[in-house]
Amino acid sequence: MVSPIFALYFLILLFVGVPVLFALGLAPAIALFQADQILFMNMLYQRLYAGLDNFLLLALPFFMLAGEFMVNGGITNRIITFSQTMVQHMRGGLGHVVILASTLFGALTGSAVAATSAIGNMMIPEMERYKYDRTYAAALTAAATVLGTIIPPSGIMLIYAFVMNTSVAAMFMAGIVPGLILCVALMLVNRWQIQKYPDVEQFPRATAAERAAGFKVAILPLLTPVIILGGIYGGIFTPTEAAAVAVFYAFILSVFIMQILKMKDVFPMFIRIAINAAAILIIVAAASGFASAISLSGVAKEITTFFYSITDNPYLLFFIMNIFLFIVGMFLDAGPAILIFAPILAPIMTNLGIDPVHFGVVMVANLSIGLATPPMGLVLFVASGVSGVPLQKISKAILPFLFAEFLVIFLISFFPVLVIGLPQMLGMM
């Protein structure tokens, strides 16, 4: 039996600044060494390999590579141009452009960090030029680009589906409506917040011809999620095969059709993604070993007993879970958080009648918003680097957007039809 004290060691290691990967591996190892249970060490590290021995996980580097082709293949300009023709005439129009572009960009790349960098580099200076406050522009960009990990295809949803053995297709479809609701909520907050900046310049409504031209330049990139989701839903290919098809389509689009990338640019992209994917997958492996330690130690049972001792009301427990996940997202990256907590928390909610896909989308949304939440939100750091605005200023300006996103999380928590209605209607559940 593994001593439960390893969970305390894990928290201490994180607190002193040890990277998550090493904290996940060292904490149970220290506990086993102290308890003189060296035989369990072999089992623990066998789980590292077993945690990666899954065909589904191949989809993760493929989706990352497809996103890399899109980011470097000139789609950002096209997405922003299309978004401008649709919403720039509204009050706070450039803010709406950032939100809509982030939503579309998320459907193409699945990366909040890439969206923050790509969209922020273009739109933050542009918003400042039209009299928007630079701090506000950076905060809006950070809040909007977290949609990249909620709108499918999403790597975080893929990890949840892997951990909980749920349908990837159902997870992807279940994320569409919550993602769109978050998009609308952010637009409403932007419309309200923009009253503080009466000097911002307005744009005229785009003509039908301008909108048609904007759609024309964006249509080929926008077909990417259609191909992915349509292929999975139609039973044409598995999620992993869909990711490979997405890479092939993005490669043809970027290199031969739009001719933004050259063949000489492709190999360095493969190297970058290999390194980035390895960094994520090795955390998946370490988290698999950590999850085994949780199972052997009885920590999961103690946590379950603790939550049930508070209440057996599913709505109240869902409320508590949301608060807990929001706090976790403030300090821990979404991928490791799902790997650690999903096997513990999801069965608790499932036993109370909450569908695992429903809970999965809510969990992903919570942890994704954590990317834009101080003090450890990665997207905040990227937005600060792109804009040159200190992190403290962005953290204050982003609060109204975080509040709106948190309200949406409660909305999708207590009205499950908003999450699982679409996959149920399509026969995926």
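Every heavy atom of this structure was used, including side-chain atoms; hydrogens, water molecules and symmetry mates were not. Count residues from 1 along the sequence. This one's a predicted model, so the numbers in the text were calculated from it and none came from an experiment.
- Annotation: L58, atom CG; neighbour count of heavy atoms from other residues, nucleotides and ligands within 6.0 Å is above 12.
- Here the closest non-hydrogen pair linking V357 and V419 is O-CG1, 4.5 Å.
- Looking only at distances, no side-chain donor or acceptor of D333 sits under 3.5 Å from a matching main-chain atom of P336.
- Taking CD1 of I354 as the start and OG of S413 as the end, the distance is 8.5 Å to the nearest 0.5 Å.
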### Message
Pair I181, V177 - check side chain to side chain contact (heavy atoms under 4.5 Å, CB included), show working.
### Response
CA-CA 6 Å; I181 294 173; V177 174; 3.8 Å; yes

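- Contact record, N190 with G92: ND2-O, 3.0 Å, taken as the closest heavy-atom pair.
- Ring to ring, H358 and F415 are not that close: their centroids are 6.0 angstrom or more apart.
- Within 6.0 Å of the OH atom in Y308, the count of heavy atoms belonging to other residues, nucleotides or ligands exceeds 12.
- Nearest approach of A137 to T141, heavy atoms of both residues: O-OG1, 2.8 Å.
- Partners of N366 by side chain to side chain donor-acceptor pair (under 3.5 Å), not counting sequence neighbours, listed by chain and number: N322.
- When all heavy atoms of S368 and I156 are compared, the closest pair comes out as OG-CD1, 4.0 Å.
- In this structure, the side chain of S117 does not engage the main chain of A114 through any donor-acceptor pair within 3.5 Å.
- Residues F406 and F410 bring their aromatic ring centres within 6.0 Å.
- Side-chain contact between F10 and I340: present, with at least one pair of heavy atoms (C-beta onward) separated by less than 4.5 Å.
- With L158 as the partner, the side-chain contact (heavy atoms from CB on, under 4.5 Å) test is satisfied by one option alone out of V168, L57, V163, T240: V168.
- To the nearest 0.5 angstrom, I344 atom CD1 is 10.5 Å from E302 atom CD.
- Atom CZ of F414 has more than 12 neighbouring heavy atoms from other residues, nucleotides or ligands inside a 6.0 Å radius.
- The local environment of CZ in F319 is sparse, with at most 12 non-hydrogen atoms from other residues, nucleotides or ligands closer than 6.0 Å.
- Looking at heavy atoms from C-beta onward, L229 lies in side-chain contact with I176 at the 4.5 angstrom threshold.
- Here the CZ atom belonging to F248 is positioned 11.5 Å from the CG atom belonging to L253, to the nearest 0.5 angstrom.
- When every heavy atom of A365 is checked against every heavy atom of I412, the shortest pair comes out as CB-CD1, 4.5 Å.
- Contact annotation: the side chain of V255 approaches that of V266 to within less than 4.5 Å [non-hydrogen atoms, C-beta and beyond].
- The aromatic rings of F324 and F341 sit perpendicular, their planes meeting at an angle over 60°, well past the 30° parallel limit.
- T149 places none of its side-chain heavy atoms less than 4.5 Å from the side chain of V364.
- Considering OG1 of T103 and CD1 of I150, their distance stands at 9.5 Å, rounded to 0.5 Å.
- For F306, the CZ atom is loosely surrounded, since the number of other residues' heavy atoms within 6.0 Å does not exceed 12.
- Looking at E241, its side chain does come within 3.5 Å of a backbone N or O of T238 through a donor-acceptor pair.
- Atom-to-atom distance recorded for I99:CD1 and C183:SG is 6.5 Å, nearest 0.5 angstrom.
- Looking only at side-chain heavy atoms (C-beta outward), L332 and L14 come within less than 4.5 Å of each other.
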### Task
Any chance you could lay out the side chain to side chain contact (heavy atoms under 4.5 Å, CB included) test for V408 and E405, step after step, and finish with the verdict?
CA-CA 5 Å; V408 171; E405 290 175 331; 5.6 Å; no

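- Between V217 and F82, every side-chain heavy-atom pair lies at or beyond the 4.5 Å cut-off.
- Put simply, CZ on F359 and OH on Y160 are 6.0 Å apart, with the number rounded to the nearest 0.5 Å.
- Between the side chain of D265 and the backbone N or O of K262, at least one donor-acceptor pair lies under 3.5 Å.
- Between V284 and L339, the closest heavy-atom pair is CA-CD1, 3.5 Å.
- Judged by distance alone, with hydrogens and angles left aside, the side-chain atoms of S254 form a donor-acceptor pair with the main-chain N or O of F69 at under 3.5 Å.
- Between F251 and F256, a ring centre-to-centre spacing shorter than 6.0 Å is recorded.
- Checking side-chain atoms of S384 against main-chain N and O of V389 turns up a donor-acceptor pair under 3.5 Å.
- Residues V382 and V386 have side chains in contact (heavy-atom distance under 4.5 Å, counting atoms from C-beta outward).
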#### Entry: Intermediate values then yes/no, side chain to side chain contact (heavy atoms under 4.5 Å, CB included), I194 and Y132
CA-CA 9 Å; I194 209 64; Y132 287 77; 3.3 Å; yes

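- Between S387 and R134, the closest side-chain pair of non-hydrogen atoms falls below 4.5 Å.
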### Task
List the steps, then state whether side chain to side chain contact (heavy atoms under 4.5 Å, CB included) holds for T109 with F63.
CA-CA 7 Å; T109 66; F63 278 131; over 6 Å; no

